[in-house]
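Have a look at the structure below, then the notes.
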Amino acid sequence: MHTFDFIGKYSKLLTNDIVALLAAIHEQKGKQTLAAAEIGDVLEQLIKISKIQSTEASNRIEGVVTTDERLK
């Protein structure tokens, strides 16, 4: 019968360096979430502007002409 030693395998994988990197990643993800919440309105405006500019450029490539109001 086979015996599996998962604890031994995991202890080789989770070195101090790897655990430190995992902790740093976790900390940065928290900071990113906080920053996104703080500047959410700015990000929404940037997304809106980029969608309009993308649509305008696509229309220009296809030869479609429209007003700025209709594009928005």
Side-chain angles (χ1 to χ4, degrees):
M1 179 180 241
H2 293 287
T3 304
F4 296 100
D5 181 20
F6 292 111
I7 295 174
K9 290 184 184 229
Y10 286 134
S11 66
K12 290 178 185 176
L13 291 175
L14 293 177
T15 63
N16 289 337
D17 293 337
I18 297 296
V19 172
L21 288 172
L22 290 172
I25 290 170
H26 181 69
E27 181 181 344
Q28 293 302 319
K29 285 176 70 176
K31 288 180 182 179
Q32 180 182 3
T33 303
L34 180 62
E38 289 177 354
I39 59 172
D41 293 337
V42 174
L43 291 176
E44 289 298 323
Q45 281 297 105
L46 290 173
I47 290 170
K48 182 179 177 182
I49 291 169
S50 67
K51 285 180 181 178
I52 291 171
Q53 289 176 346
S54 175
T55 303
E56 183 180 19
S58 177
N59 284 349
R60 196 175 320 122
I61 290 170
E62 295 174 4
V64 176
V65 179
T66 187
T67 65
D68 288 339
E69 286 303 315
R70 182 159 190 252
L71 189 60
K72 289 178 184 177

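Since we're looking at a predicted model, the values are computed, not measured. Count residues from 1 along the sequence.
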Under 3.5 Å donor-acceptor, Ser54 side chain and Ser50 backbone: no
Side chain to side chain contact (heavy atoms under 4.5 Å, CB included) between Arg60 and Glu56, worked out: CA-CA 6 Å; Arg60 196 175 320 122; Glu56 183 180 19; 3.7 Å; yes
Minimum-distance pair of heavy atoms, taken over all atoms of Leu14 and Leu22: CD2-CD1, 4.4 Å
Spatial distance of atom CD (Gln53) from atom CG (Leu46) [nearest 0.5 Å]: 9.5 Å
Salt-bridge present (Lys48, Glu44; N to O < 4.0 Å): no
Interatomic spacing from CD in Glu27 to NZ in Lys31 - rounded to 0.5 Å: 4.5 Å
Side-chain donor or acceptor of Thr55 paired with backbone N/O of Lys51 under 3.5 Å: yes
